[in-house]
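In this text the structure is predicted, and so the values were computed from the model without any measurement. Each chain gets a letter, A, B and so on, in the order the sequences are listed, and its residues count up from 1.
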There are 2 protein chains.
Amino acid sequence: MTNILIADDHTIVRLGITIIIRDMLPKVYIRDVDNFDLALKEMAKRHYDLIILDINIPGGDNLQMIDVLRLRQPKIKILIFSAYDEELYALRYLQAGADGYLVKHSSEHEIKTALHQILNNEKYLSSNIRQHLVNGNVKTRPTGNPLLALSNRETEVMQLLIKGSSVADISKTLHLQLSTVSTYKTRIFAKLEVSNIIELADTVRMYSNN
Amino acid sequence: MTNILIADDHTIVRLGITIIIRDMLPKVYIRDVDNFDLALKEMAKRHYDLIILDINIPGGDNLQMIDVLRLRQPKIKILIFSAYDEELYALRYLQAGADGYLVKHSSEHEIKTALHQILNNEKYLSSNIRQHLVNGNVKTRPTGNPLLALSNRETEVMQLLIKGSSVADISKTLHLQLSTVSTYKTRIFAKLEVSNIIELADTVRMYSNN
DNA sequence: CCAATTTGTAGTAATGGTACTACAAGTCAT
DNA sequence: ATGACTTGTAGTACCATTACTACAAATTGG
């Protein structure tokens with residue numbers, strides 16, 4: 001018997017996923033919850049084969065969730081289901097140990113493919129992401145936290161940036177030329193693959209324990 | 001015969017809504033689209049009684065959508081279906097002419113109530129919003145949520161800003177001059193007493209449950 | 001209902017930020 | 001120990017954003 005847990009705060013989404021699963025696999029046991037704590041409680045009660053997890057789930061937020069889940073049930077399959085751009089986040093979640101990353105506008109067919117593959121012990125990658133990997137657009141980086149790729153000076157600048165400092169502020173604080181700070185900023189954006197301060201802040205939040 | 005159009009970019013959400021409607025009203029005609037232009041094209045082909053509209057739909061620029069829709073089909077009922085905090089946005093949409101505002105985490109029962117009321121020519125207000133109206137909370141600006149001090153257009157710009165859009169991006173999205181967007185940005189910063197995007201994002205996060 | 005304020009819109013000059021380039025010193029793997 | 005990146009630093013020309021100004025229409029307070 002297959003047990004599936006759906007964790008998403010939108011009722012409609014839980015309903016939609018439930019329908020899709022029932023349509024593919026009429027006999028599975030499905031439970032759905034609308035926040036991360038309930039997901040953990042549910043996992044304490046019963047073994048699950050798969051959890052479908054919205055990365056925006058209240059009480060969860062960010063990559064840490066994956067470790068938390070695996071700590072409870074090491075063999076659970078984790079399918080991330082997100083409204084966020086996969087190019088930005090998919091690899092991070094996969095590297096953190098997720099089994100697949102699906103965007104919410106995926107077609108029904110795509111969703112079924114993902115579920116199918118994951119339940120058959122394969123990883124799921126959208127063709128888009130596979131393409132990226134093939135093109136080497138994403139250097140198969142030595143796993144883990146991209147924040148670690150920042151040099152010391154870059155890290156200092158990054159910290160000021162996510163506190164809202166301007167390039168000019170930073171240049172005064174660190175006694176550097178504007179152009180120097182600007183270079184760091186460019187390098188930080190490149191290393192973390194972000195293109196604006198909001199994404200930078202999100203990414204840093206995602207990789208730092210709070 | 002009742003015709004219903006669902007405009008939402010998440011396949012799952014369209015599917016979920018479809019299921020709910022079919023369950024209530026087995027005989028209605030339902031069409032679903034994933035962006036605003038397609039919604040308009042669809043409306044050119046056929047008369048619709050109701051459109052269920054995600055405010056984040058690609059190609060739509062927020063409040064204006066309502067007028068655009070009404071221009072095509074003056075009698076269409078408009079139900080806004082949004083992931084955003086209703087306290088912040090519901091009234092703006094209702095005042096702009098929507099017939100109801102539903103948040104995406106509403107229960108299936110609540111969704112059915114909304115659909116039912118609207119199809120029966122009533123407006124739909126969540127009990128939460130009704131409460132607000134009764135308490136006259138709407139006008140009393142000074143205390144309370146500073147986000148409510150933003151005008152409609154300012155709110156649209158604010159939302160794009162906290163998603164990481166640049167002034168230039170926003171000017172394209174909303175079809176405004178750069179200088180206009182810039183003026184809005186300045187006014188938003190002043191009203192919320194922030195001085196950079198990070199503070200803006202923090203403030204907005206702090207005052208919305210979303 | 002009239003005056004004051006807010007809102008929606010935009011131009012223009014000035015300021016701030018980025019892209020691209022550069023280079024010496026440091027580190028690393030072979 | 002040598003060639004290949006990385007790091008720390010900066011100049012400059014160009015692109016993006018802001019400050020300030022403006023004004024008509026809508027809204028609001030009294």
Side-chain angles (χ1 to χ4, degrees), chain A residues 136 139-142 146-201, chain B residues 61-68 89 91-97 136-142 146-201:
Chain A
K139 331 138 202 140
T140 354
R141 87 158 54 89
L147 296 182
L148 297 174
L150 299 183
S151 73
N152 295 333
R153 222 76 226 264
E154 285 161 1
T155 303
E156 289 179 59
V157 170
M158 175 277 276
Q159 267 156 0
L160 294 167
L161 284 172
I162 64 171
K163 287 206 312 203
S165 307
S166 68
V167 170
D169 289 345
I170 297 172
S171 106
K172 275 173 217 137
T173 308
L174 302 182
H175 308 290
L176 292 170
Q177 289 309 114
L178 284 172
S179 51
T180 305
V181 176
S182 185
T183 301
Y184 288 140
K185 188 172 176 182
T186 303
R187 287 181 186 167
I188 292 164
F189 277 30
K191 284 185 178 178
L192 303 186
E193 296 173 71
V194 300
S195 51
N196 56 251
I197 319 92
I198 297 283
E199 282 178 15
L200 175 66
Chain B
D61 37 341
N62 300 25
L63 286 170
Q64 321 323 123
M65 290 192 289
I66 297 200
D67 289 332
V68 173
Y89 303 107
L91 281 152
R92 297 173 202 275
Y93 279 92
L94 295 168
Q95 275 159 4
N137 279 345
V138 191
K139 286 174 191 170
T140 358
R141 253 84 185 290
L147 297 181
L148 296 173
L150 298 182
S151 74
N152 293 333
R153 219 82 231 260
E154 285 160 1
T155 303
E156 291 176 38
V157 170
M158 176 276 278
Q159 280 177 324
L160 294 167
L161 284 172
I162 65 171
K163 287 207 307 206
S165 306
S166 68
V167 169
D169 288 345
I170 297 172
S171 107
K172 274 174 217 134
T173 308
L174 301 182
H175 309 290
L176 292 171
Q177 289 309 114
L178 283 173
S179 50
T180 305
V181 176
S182 184
T183 301
Y184 287 140
K185 188 172 176 183
T186 303
R187 288 180 184 166
I188 292 165
F189 277 31
K191 284 185 178 179
L192 303 186
E193 296 174 74
V194 300
S195 51
N196 55 252
I197 322 92
I198 297 283
E199 283 178 16
L200 176 67

Could you state the atom-to-atom distance from CD of Glu154(A) to P of dC5(D) in whole Å?
17 Å
When you measure from every atom of DNA chain C, which of residues 185-199 of chain B have a heavy atom less than 4.0 Å away?
Arg187(B), Lys191(B)
Write down the distance between CE (Met158(A)) and C1' (dG8(D)), rounded to a whole number of angstrom.
17 Å
When rounded to whole Å, the CG to C1' distance for the pair Leu150(B) and dT27(D) reads 17 Å
Does the side chain to side chain contact (heavy atoms under 4.5 Å, CB included) test come out yes or no for Ile170(B) and Tyr184(B), once each step is laid out?
CA-CA 11 Å; Ile170(B) 297 172; Tyr184(B) 287 140; over 6 Å; no
Heavy-atom nearest nucleotide on DNA chain D taken for Tyr184(A) and for Asp169(B); more 5' hit belongs to Tyr184(A)
Are any side-chain N or O atoms of Ser165(B) and backbone N or O atoms of Leu160(B), one a donor and one an acceptor, separated by less than 3.5 Å?
yes
From CG (Asn196(B)) to CG (Leu200(B)), nearest 0.5 Å
8.5 Å
Would you please name every residue forming a side-chain hydrogen bond (donor to acceptor under 3.5 Å, both in side chains) with Ser182(A), sequence neighbours left out?
none
Heavy atoms only, 4.0 Å cut-off, all strands: where does Ser151(A) land among base, sugar-phosphate and nothing?
sugar-phosphate
Would you give the length of the straight line joining atom OG1 of Thr183(B) to atom CD of Gln177(B), rounded to the nearest 0.5 angstrom?
11.0 Å
Thr183(A) (side chain) and dA10(D) (base): donor-acceptor pair under 3.5 Å:
yes
End-to-end axis angle, where each axis spans five pairs of the helix from dC1(C)-dG30(D) to dT30(C)-dA1(D), to 10°:
70°
Among residues at least two apart in sequence or on other chains, which ones pass side-chain contact (heavy atoms from CB on, under 4.5 Å) with Ile197(B)?
Ile197(A), Ile198(A)
How close do Ala96(B) and Leu63(B) get, heavy atom to heavy atom, and via which atoms?
CB-CD2, 3.8 Å
Those residues at least two apart in sequence (or on a different chain) that pass salt bridge (charged side-chain N to carboxylate O under 4.0 Å, His left out) with Glu199(B) are none
May I have the distance from Gln64(B) (atom CD) to dG8(C) (atom C1'), rounded to whole angstrom?
10 Å
Residues pairing under salt bridge (charged side-chain N to carboxylate O under 4.0 Å, His left out) where one sits in residues 174-191 of chain B, two or more places apart or in two chains, turn out to be Glu154(B)-Lys191(B)
Specify the residues of residues 170-180 of chain A, ordered by number, for which at least one heavy atom lies under 4.0 angstrom from an atom of DNA chain D.
Leu176(A), Gln177(A), Ser179(A), Thr180(A)
Which one, dA10(D), dG8(D), dG8(C), comes nearest to the side chain of Asn152(B)?
dG8(C)
Kindly write out the residues that satisfy side-chain hydrogen bond (donor to acceptor under 3.5 Å, both in side chains) with Arg92(B), not counting sequence neighbours, or none if the list is empty.
Asn152(B), Thr155(B)
Restricting to nitrogen or oxygen on both sides, can you table the protein-nucleotides 14-16 of chain D pairs closer than 3.5 Å?
none

State which residues pass salt bridge (charged side-chain N to carboxylate O under 4.0 Å, His left out) with Lys163(A); sequence neighbours excluded, sorted by chain then number.
none
side-chain hydrogen bond (donor to acceptor under 3.5 Å, both in side chains) with Tyr89(B): which residues, sequence neighbours excluded?
Gln159(B)
Set of side-chain hydrogen bond (donor to acceptor under 3.5 Å, both in side chains) partners for Ser166(B), sequence neighbours left out:
Asp169(B)
